[in-house]
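Because the structure is predicted, anything quoted here is derived from the model rather than measured.
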Amino acid sequence: MSKLVITDLHASVETEDGPKEILKGVTLTINEGETHAIMGPNGSGKSTLAYSIAGHPKYTITSGSVTLDGQDILGLSVDERARAGLFLAMQYPVEVPGVSVANFLRTAKTAIDGEAPKLRTWVKDVNSALEALNLDSSFSQRSVNEGFSGGEKKRHEIAQLDLLDPKVAVLDETDSGLDIDALKIVSEGVNRFREREGKGVLLITHYTRILRYIEPDFVHVFVDGRVAESGGKELADQLEAEGYDKYLKAPAAR
Ligand SMILES: Nc1ncnc2c1ncn2[C@@H]1O[C@H](COP(=O)(O)OP(=O)(O)OP(=O)(O)O)[C@@H](O)[C@H]1O
Ligand SMILES: [Mg+2]
């Protein structure tokens, strides 16, 4: 049973003026089969939360805990976290010149499974994952993210999600920069993942548009480094109509 439990997580980043606290007590539980959407103003710490869960070295966890299936993951390295079943689709995927998509995917799959995927089925799997995201099979020979359009980067992230098959996927603004067709294609990719047994999704977004395709079970408003309010999917519509004003004006009440 996959379950990601984040408890009172505090994280800071090193700046020229010393450490700056970005996450100020995040508490969130994602049970298997659940999709949680996080919405919040720019700079509120959403990506920091995603990176902190994934183990980015730039962020220091100062207190709190994150467990996956009861296992403390904060003590694990980035690759150990991936092997434990965590996946992060980054807001700004990094370019890896000289490493082809095919090699990258195969290396990642091998590292995560602990053995190399069988060549014949693997090539088929890769091609069908790319095809499902409307990416040409020649795409696999290109360097990872180098020269990819914004939409291609995001679709490539979802191809990874499909092939690497984690337990919990953290998707950081996977909808940004997508045209209308690509948004549908990416959403369908996420939904196929969600339909698999025991998966959890944490979807960070600014727009309710994607939530029409990927229906969240819960919506959280993220303000100033913590969850300010949680609700059902109606909360997203309320945010779209009203903005974040009421959360920004009354931080002391939280
Ligand atoms: N190295 C750094 N030095 C100083 N401040 C930093 C550093 N890294 C992150 N921050 C700050 O941390 C805050 C949270 O950033 P984060 O990227 O997590 O926000 P976000 O909620 O994802 O925003 P967006 O919606 O724009 O993606 C921002 O104010 C950002 O400037
Ligand atoms: Mg962000």
Checklist entry - What distance separates I180 CD1 from K184 NZ, expressed to the nearest 0.5 Å? => result 8.5 Å
Checklist entry - Is R196 paired with D162 through a side-chain N to carboxylate O contact shorter than 4.0 Å? => result yes
Checklist entry - Is it the case that E80 and S77 place a side-chain donor and acceptor less than 3.5 Å from each other? => result yes
Checklist outcome for this item: Distance col, row R81:CZ vs I53:CD1, nearest 0.5 angstrom, shows 9.5 Å
Next on the checklist: Is it true that N191 and R194 share a donor-acceptor pair across their side chains at a distance under 3.5 Å?
Outcome noted: yes
Checklist outcome for this item: The complete set of salt bridge (charged side-chain N to carboxylate O under 4.0 Å, His left out) pairs with one or both residues in residues 11-30, sequence neighbours excluded, reads K24-D224
Next on the checklist: Testing the 3.5 Å rule here: is there a donor-acceptor pair between the side chains of D172 and S47?
Outcome noted: yes
Checklist outcome for this item: side chain to side chain contact (heavy atoms under 4.5 Å, CB included) with M39: of V219, V223, I204, V221, only one passes, and it is V219
Next on the checklist: Suppose we screen for side-chain hydrogen bond (donor to acceptor under 3.5 Å, both in side chains). Which residues come up paired with E188, at least two apart in sequence or across chains?
Outcome noted: none
Next on the checklist: Suppose the criterion is side-chain hydrogen bond (donor to acceptor under 3.5 Å, both in side chains): which pairs have a residue in residues 111-122, not counting sequence neighbours?
Outcome noted: K109-D113
Item to check | Residues in side chain to side chain contact (heavy atoms under 4.5 Å, CB included) contact with S52, at least two apart in sequence or another chain | outcome: L9, A11, L23, T48, Y59, I61
Next on the checklist: Check this for me, if you would: do R209 and D175 make a salt bridge, where the nitrogen-to-carboxylate-oxygen distance has to be below 4.0 angstrom?
Outcome noted: no
Checklist entry - Do S230 and H220 meet the criterion of a side-chain donor-acceptor pair at a distance under 3.5 Å? => result yes
Checklist entry - Of all residues at least two apart in sequence or in a different chain, which pass the ring-ring contact (aromatic ring centres under 6.0 Å, His included) check with Y244? => result none
Checklist entry - Looking only at side chains, do S100 and R142 share a donor and an acceptor under 3.5 Å apart? => result no
Item to check | salt bridge (charged side-chain N to carboxylate O under 4.0 Å, His left out) partners for D79, two or more places apart | outcome: R83
